[in-house]
Novice: 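Below: one structure in structure tokens.
Chain letters run A, B, ... following the sequence lines, proteins first, then strands; residues in each count from 1. Keep in mind that this is a model prediction, so the values were computed, not measured.
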Amino acid sequence: MEKIINISTGEMAVGSDNSIIRTVGIGSCIVIAFYDEENRVGAMSHSLLPTRKKTKNPKIFPDKTKKSAKYVDEVIELMIDEIVAMGGKKENLKAKLVGGAKMFKILSGDKHGIGYRNIEAANQKLAVLGVPIESEATGGTVGRMAELNLGNGVLNIETKM
Amino acid sequence: MKNQLGKFEKDQLLEVVTVGAGNASSALSQMMEKRVNIEVPDAIVDDLENISSYIGDPDELITTILLKMSGEAPGFMLLMLPPQSALKLAGYLTKNYKKDVKILDEMDRSALREIGNIVTGNSITALSKFLNISIVQSIPEVVTDMMGSIVDSIVSEVGEETESVLVFRVNFSVEDHEIDGKLFFIFDPTSTEKILEITDDKLNK
């Protein structure tokens, strides 16, 4: 029996063999999937923003020291740590990216939207850490859902429109 | 902004939204010549990533008419319609009823945008009169997709500046649930503070 782990926005999950990590409603958010084929360990996240912003008013929004799955750069580090803790190897990892769409034209005007910046943030962080990107289904104007099979590393992507 | 609104502050803000929503529903009612019922609005302040689960089922297909508010209280206004309601509403104006939201054409989207303009325009005018501030609305945009994709894309725009947002929800229906929909107002903390300040002043006069 396969175990299905559902994650929502701002969350991540790690697992091995016989499990599936699933997330729906991906718009400008970015989903990053990692898989170590040799050890059959993987992880997937659903992040909202490229990076944490230094708060202007630390009294109202204290800077949390804990890394959060909400941010692309932080979640990549979190996932790699957890994969290694589960017996995976960083050098075996391959990444897949999903999301980063621009759902509305009126958001961000003519500038690159959050979606684009999420894709960019993921590319940069992965390049720094030396993790290759195996495939990408990013950009565009359509929402997606994604399912990572931890038995074989296959990532299924669906759209509704 | 605090992460939680006091009961008094919440009532104050809900009063403001009721004014806006009341005007929106009477505009819709006049246009369709049908009775429009609105429910009592509710409000939450929460972290960005939790907003879509407050709004509904993230993988449900939904038609959204989005308008951006700028000026003294920036934010967003959304009209969300389940596909069946969007089809009926568009068909009501175009007199050409479609069976699937996937085949809504430019004519239908234009009809929905017009509805967005009328409904939200009335509500924004009421809000800015009540608060005595200027709010400018953008042109509306219509998108049908998964609710989660839509909501996250909108709140992440606010998320550039803050960790949490204020969301108001008003459910409405046209004549015995022939058409159901939800109206949302989303404000960032700066706008919320501003609105509270103004209503405070009004109450203390």
Side-chain angles (χ1 to χ4, degrees), chain A residues 6-12 22-31 45-57 59-64 68-72 98-109 111 113-115 117-118 140-146 158-161, chain B residues 1-3 46-70 76-78 83 100-104 113 116 137-164 189-190 193:
Chain A
N6 283 300
I7 58 169
S8 49
T9 315
E11 291 179 350
M12 55 164 273
R22 187 169 182 270
T23 192
V24 299
I26 314 161
S28 64
C29 290
I30 193 152
V31 165
S45 62
H46 187 157
S47 307
L48 197 62
L49 296 166
T51 187
R52 189 188 294 266
K53 215 174 183 181
K54 285 276 171 283
T55 172
K56 284 180 201 153
N57 192 339
K59 262 188 198 159
I60 296 176
F61 300 119
D63 271 321
K64 292 166 193 150
S68 162
K70 196 161 130 183
Y71 306 102
V72 172
V98 184
K102 187 170 182 169
M103 307 287 298
F104 292 92
K105 288 188 199 79
I106 62 171
L107 297 176
S108 305
K111 291 178 289 180
I114 299 276
R117 303 219 327 268
N118 278 335
T141 57
V142 187
R144 301 172 171 97
M145 34 196 179
E158 271 179 68
T159 57
K160 278 205 173 178
M161 281 306 287
Chain B
M1 186 173 67
K2 286 157 287 182
N3 231 344
D46 208 335
D47 289 347
L48 299 168
E49 61 270 32
N50 299 332
I51 301 301
S52 55
S53 48
Y54 163 72
I55 289 184
D57 189 357
D59 70 348
E60 183 195 334
L61 209 56
I62 198 122
T63 299
T64 303
I65 308 168
L66 172 75
L67 286 102
K68 200 172 174 173
M69 296 184 275
S70 49
F76 295 100
M77 208 168 154
L78 279 74
D100 189 339
V101 270
K102 288 181 187 170
I103 54 168
L104 281 182
R113 276 200 296 272
Q137 69 180 87
S138 73
I139 50 156
E141 190 174 351
V142 180
V143 168
T144 303
D145 213 311
M146 277 176 274
M147 204 278 302
S149 322
I150 287 176
V151 173
D152 288 346
S153 302
I154 298 166
V155 294
S156 64
E157 203 77 14
V158 186
E160 284 283 86
E161 303 298 331
T162 166
E163 296 271 322
S164 60
T190 328
E193 268 173 11

Novice: Within a strict 4.5 Å, meaning less than it, do heavy atoms of the B:Val155 and A:Thr9 side chains meet?
Specialist: no
Novice: Which pair of non-hydrogen atoms, one from A:Met103 and one from B:Glu141, has the smallest distance, and what is that distance?
Specialist: O-OE2, 4.2 Å
Novice: Identify each donor-acceptor pair in which a side-chain atom of residues 142-151 of chain B lies under 3.5 Å from a protein atom, sequence neighbours left out, and give them as a table.
Specialist:
from: B:Thr144; atom 1: OG1; to: B:Thr63; atom 2: OG1; distance (Å): 2.9
from: B:Asp145; atom 1: OD2; to: A:Gly143; atom 2: N; distance (Å): 2.7
from: B:Ser149; atom 1: OG; to: A:Ile26; atom 2: O; distance (Å): 3.4

Novice: Identify, with sequence neighbours excluded, every residue that meets side chain to side chain contact (heavy atoms under 4.5 Å, CB included) alongside B:Pro58.
Specialist: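 For B:Pro58, the residues satisfying side chain to side chain contact (heavy atoms under 4.5 Å, CB included) (neighbours in sequence not counted) are A:Val24.
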Novice: Taking all non-hydrogen atoms of both residues, which atom of B:Ser138 and which atom of A:Ile106 are closest, and how far apart?
Specialist: OG-CD1, 3.6 Å
Novice: Measure the spacing between CD of B:Glu157 and CZ of A:Phe104 and express it to the nearest 0.5 Å.
Specialist: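 With rounding to 0.5 Å, CD (B:Glu157) is 10.5 Å from CZ (A:Phe104).
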Novice: Would you mind reporting whether B:Asp152 and A:His46 have side-chain heavy atoms less than 4.5 Å apart?
Specialist: yes
Novice: Given a strict heavy-atom distance threshold of 4.5 Å, which part of A:Lys70 is in contact with chain B: side chain, backbone, both, or neither?
Specialist: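 When you check distances to chain B, only side chain atoms of A:Lys70 fall under 4.5 Å.
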Novice: Measuring from atom CD of A:Glu158 to atom CG of B:Asp59, what distance do you get when rounded to the nearest 0.5 angstrom?
Specialist: 10.0 Å
Novice: Under a 4.5 Å heavy-atom cut-off, does chain A meet the side chain of B:Leu67, its backbone, both or neither?
Specialist: backbone
Novice: How long is the span from the NZ atom in A:Lys105 to the CD1 atom in B:Ile139, to the nearest 0.5 Å?
Specialist: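 Between A:Lys105 NZ and B:Ile139 CD1, I get 9.0 Å after rounding to 0.5 Å.
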Novice: Considering non-hydrogen atoms only, spot the tightest contact between A:Ser28 and B:Ser153 and give its length.
Specialist: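 Smallest interatomic distance, heavy atoms only, reads N-OG, 3.1 Å.
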Novice: Which atom pair, heavy atoms only, marks the closest approach of B:Glu49 to A:Leu48?
Specialist: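 Taking B:Glu49 first and A:Leu48 second, the nearest heavy atoms are N-CD2, 4.2 Å.
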